[in-house]
Amino acid sequence: MHKLLKQEYGELHWWPAETVDQVILGAILTQNTSWNNVRLAMNNLSKAKLDSIDAIASLPVEEIKKYIKPAGFFNQKSVYLKEICTQIRKEGGISRLEKMSDKDIEAFLIKIKGVGKETMQDIMLYAFKRNVFVVDKYTERLFSRIGIIKPGMKEAHRLGKEIENSMSLEDLNNFHGEIVEISKSICKARPECGVCFLRNNCSYEKDFTEP
DNA sequence: CACCAGGAATGTA
DNA sequence: TACATTCATGGT
């Protein structure tokens with residue numbers, strides 16, 4: 001699958017962000033939220049020069065809310081953003097975390113309130129360049145709808161670990177981007193549906209015998 | 001106007 | 001451990 005998708009999309013240089021700090025902030029903001037809304041929120045932060053770990057760590061929660069409103073869930077996400085930025089700074093910043101082992105960074109991230117499995121994987125791969133295969137909802141739909149796993153995030157994570165152990169960092173980076181990109185495009189096999197077969201509201205959701 | 005988006009915390013059994 | 005509920009804006 002990755003080979004075919006690579007031919008289609010080439011080098012994606014994925015995670016749409018300019019800086020490492022933006023990757024981390026975006027990973028929180030995109031939780032169950034369309035990327036367009038995340039972009040609106042990120043633009044608000046960027047224009048105010050608040051799109052950094054240090055800036056958010058020293059900004060009151062009520063202030064953060066004003067900027068990230070378009071991304072939704074702002075009451076929780078404002079707290080989550082402040083929390084992860086504060087923790088990273090307490091640990092010595094990005095430069096200190098970069099030197100740690102994969103397992104140590106994972107342990108550090110997962111105990112932060114607001115950082116679950118998917119968000120942790122986004123940060124591991126795209127901020128710290130570690131060999132991680134990101135499993136999100138698109139990934140679970142792809143795997144289950146072409147019939148290589150039974151539906152469910154747990155199953156997707158199990159297969160994800162196998163993939164992770166057999167692919168290079170560069171390919172893992174591209175592969176996740178490819179899965180998101182194809183999920184946002186219109187299904188070529190059945191264009192009359194109007195959406196990609198990886199979308200939740202695809203009208204052929206119950207019929208994927210011919211991927 | 002109903003539904004959904006690149007999740008995670010919390011509560012219940 | 002395994003589900004259900006809650007959170008909220010903007011696009012289709």
Side-chain angles (χ1 to χ4, degrees), chain A residues 1-2 5 9 12-17 22-45 61-62 64-85 87 106-127 132-145 150-160 163-164 172-187 191-206:
Chain A
M1 282 193 287
H2 167 58
L5 290 166
Y9 293 113
L12 287 174
H13 303 294
W14 221 67
W15 197 278
Q22 283 184 6
V23 172
I24 294 172
L25 301 179
I28 299 287
L29 290 173
T30 197
Q31 290 171 358
N32 202 43
T33 302
S34 66
W35 185 259
N36 184 55
N37 285 3
V38 175
R39 193 170 44 74
L40 296 174
M42 191 68 75
N43 281 344
N44 288 342
L45 292 174
V61 168
E62 290 304 317
I64 301 176
K65 286 184 190 177
K66 296 179 187 173
Y67 296 94
I68 68 167
K69 217 163 230 174
F73 305 111
F74 50 81
N75 285 310
Q76 348 178 30
K77 287 179 180 174
S78 56
V79 174
Y80 295 165
L81 284 172
K82 176 128 183 164
E83 181 62 16
I84 190 172
C85 292
Q87 292 300 326
E106 274 192 24
F108 166 76
L109 289 172
I110 205 68
K111 70 184 179 194
I112 298 171
K113 182 178 289 188
V115 178
K117 211 156 190 176
E118 275 86 334
T119 305
M120 180 200 76
Q121 292 181 330
D122 285 336
I123 296 174
M124 289 295 287
L125 177 58
Y126 292 108
V132 169
F133 177 76
V134 176
V135 177
D136 59 6
K137 203 157 285 182
Y138 285 153
T139 309
E140 187 275 335
R141 286 188 202 138
L142 172 63
F143 289 172
S144 62
R145 288 179 184 185
K150 286 180 287 190
M153 294 304 292
K154 204 174 172 184
E155 278 287 291
H157 277 288
R158 185 186 53 70
L159 180 52
I163 293 171
E164 179 175 301
L172 288 167
N173 180 314
N174 279 313
F175 196 17
H176 178 62
E178 287 155 8
I179 292 172
V180 175
E181 287 304 320
I182 196 177
S183 297
K184 294 199 287 195
S185 66
I186 293 176
C187 177
E192 70 275 16
C193 180
V195 298
C196 177
F197 82 109
L198 297 177
R199 283 283 171 186
N200 191 39
N201 56 347
C202 174
S203 56
Y204 290 97
E205 191 170 351
K206 303 292 179 190

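Every chain is numbered from 1 and lettered A, B, ... according to where its sequence line falls, protein lines coming before strand lines.
Put simply, CG on A:Leu81 and CG on A:Leu29 are 5.0 Å apart, with the number rounded to the nearest 0.5 Å.
Using a 4.0 Å heavy-atom distance criterion, A:Val134 is classed as making no nucleic acid contact. Note on A:Arg141: only backbone sugar-phosphate atoms sit closer than 4.0 angstrom, heavy atoms only; bases stay farther off.
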Distances under 3.5 Å between protein N/O atoms and the N/O atoms of nucleotides 10-12 of chain C, please, pair by pair.
residue	atom	partner	partner atom	Å
C:dG10	O4'	A:Asn37	OD1	3.1
C:dG10	O4'	A:Asn37	ND2	3.0

Polar atom pairs between nucleotides 10-13 of chain B and protein, under 3.5 Å, N or O only, would you list them?
residue	atom	partner	partner atom	Å
B:dT10	OP1	A:Lys113	NZ	3.3

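Residue whose closest nucleotide on DNA chain B sits further toward the 5' end, between A:Tyr80 and A:Trp14: A:Trp14.
Look at A:Glu155 and A:Arg158 and you find a salt bridge, because one of the NZ, NE, NH1 or NH2 atoms lies within 4.0 Å of a carboxylate O, short of that distance.
At C:dT1, none of the side-chain N or O atoms of A:Lys154 fall inside 4.0 Å of OP1 or OP2 (strictly under the cut-off). For A:Asn200 and B:dC4, the shortest distance from a side-chain N or O to OP1 or OP2 is below 4.0 Å.
The closest side-chain heavy-atom distance from A:Met1 to A:Phe143 is below 4.5 Å. Side chains of A:Ile24 and A:Cys85 form no contact here, defined as non-hydrogen atoms less than 4.5 Å apart. Counting heavy atoms from C-beta outward, A:Ile28 and A:Val115 have side chains that approach closer than 4.5 Å.
Taking the six-membered ring where the residue is Trp, A:Tyr126 and A:His176 present tilted rings, their angle falling between 30° and 60°.
Neither side chain, A:Thr119 nor A:Asp122, offers a donor N or O lying under 3.5 Å from an acceptor on the other.
The side chain of A:Gln76 has C:dC7 as its nearest neighbour among B:dA8, C:dC7, C:dT9.
Spacing of P atoms, B:dC4 relative to C:dT5, comes out at 15 Å, to the nearest Å.
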